[in-house]
Amino acid sequence: MELLLSQVMPIPSHALAAVAAAVLGGVQLASAKGTATARHRALGCAWGGLMTYVATSSFFISELKLRGAFSPIHLLSIWTLFSLVMAVYCARQGNYRLHKIWMVLLFILALPVTGVFTLWPGRVMHGVLFGV
């Protein structure tokens, strides 16, 4: 953890927010669905806020540079922000089936796919988890 906390911002806050989003998203997906309860909305807002921060803060992290300061992970960040907007739009329109599809896809793609890149040897989180 010391390795993570010694990094320049926003790397530590980005990583901690991503972990919190993964946990909170798992709780949300495991919870009963069917009605928009106050708990579901509160967890959803918290998760959406965390994901917005994770996606936005990624633009200030450029360890993998493939095109200027950007990498394929940044394309996923754009997709994440778009997906969040679409999911909220669908929920507000009462299209809960499409809302669920956007949210599940976002949870499945945004966190695990970026996790693979994050845990790549030589990256900070690889060192944090594996001590190398």
Side-chain angles (χ1 to χ4, degrees):
M1 194 65 154
E2 187 177 316
L3 175 61
L4 176 61
L5 297 176
S6 70
Q7 300 299 308
V8 298
M9 285 306 252
I11 293 173
S13 61
H14 172 87
L16 294 172
V19 169
V23 171
L24 194 59
V27 168
Q28 186 76 316
L29 286 178
S31 298
K33 309 294 177 301
T35 58
T37 64
R39 180 181 184 270
H40 179 84
R41 285 183 180 173
L43 288 177
C45 287
W47 187 78
L50 287 166
M51 289 301 292
T52 299
Y53 178 77
V54 170
T56 304
S57 65
S58 76
F59 294 109
F60 300 95
I61 301 171
S62 57
E63 289 179 324
L64 297 176
K65 296 178 184 179
L66 297 180
R67 189 143 178 93
F70 300 105
S71 72
I73 295 173
H74 295 109
L75 293 175
L76 190 54
S77 295
I78 293 168
W79 183 82
T80 296
L81 294 170
F82 174 76
S83 297
L84 286 166
V85 169
M86 291 304 299
V88 170
Y89 175 79
C90 291
R92 290 193 175 163
Q93 294 298 310
N95 190 342
Y96 301 115
R97 186 184 72 72
L98 201 51
H99 168 75
K100 179 181 178 180
I101 290 170
W102 278 109
M103 290 308 237
V104 170
L105 280 174
L106 185 54
F107 183 78
I108 290 171
L109 293 175
L111 293 168
V113 171
T114 56
V116 169
F117 289 108
T118 300
L119 296 175
W120 204 264
R123 303 220 46 218
V124 172
M125 288 307 290
H126 184 271
V128 170
L129 292 177
F130 304 112
V132 179

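Because only heavy atoms are used, hydrogens play no part in the values below, and waters and symmetry mates are left out as well, while side chains stay in. Residues take their numbers from the sequence shown, with the count starting at 1.
Under a hydrophobic clustering in which Ile, Leu, Val, Met, Phe, Trp and Tyr are joined whenever their side-chain heavy atoms come within less than 4.5 Å, directly or via other members, L84 and Y89 fall into different clusters. V88 and L43 are members of different hydrophobic clusters when ILVMFWY side chains are connected at heavy-atom separations under 4.5 Å. Hydrophobic cluster membership is shared by L29 and L98, with clusters built from Ile, Leu, Val, Met, Phe, Trp and Tyr side chains linked at under 4.5 angstrom.
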Legend entry - Pair M51-S83, side chain to side chain contact (heavy atoms under 4.5 Å, CB included): steps then yes or no: CA-CA 10 Å; M51 289 301 292; S83 297; over 6 Å; no
Legend entry - Test log, rule side chain to side chain contact (heavy atoms under 4.5 Å, CB included), inputs Y53 and L16: CA-CA 11 Å; Y53 178 77; L16 294 172; over 6 Å; no
Legend entry - Pair V85-W102, side chain to side chain contact (heavy atoms under 4.5 Å, CB included): steps then yes or no: CA-CA 10 Å; V85 169; W102 278 109; over 6 Å; no
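A pairwise comparison of heavy atoms in F59 and S77 identifies CZ-CB, 3.7 Å as the closest pair. Scanning both residues, Q28 and H40, for their nearest heavy atoms gives NE2-O, 2.8 Å. Annotation for H99 and C90: closest pair N-CB, 3.7 Å, computed over non-hydrogen atoms. Between L50 and A21, the shortest heavy-atom contact is CD1-N, 3.8 Å. Nearest approach of V54 to A18, heavy atoms of both residues: CG2-N, 3.4 Å. L24 and A46 get closest at one heavy-atom pair: CD2-CB, 3.6 Å.
Considering CD1 of I101 and OH of Y96, their distance stands at 15.0 Å, rounded to 0.5 Å. To the nearest 0.5 Å, atom NZ of residue K100 and atom CE of residue M103 are 12.5 Å apart. How far OG1 of T56 is from CD1 of I78: 11.0 Å, rounded to the nearest 0.5 Å.
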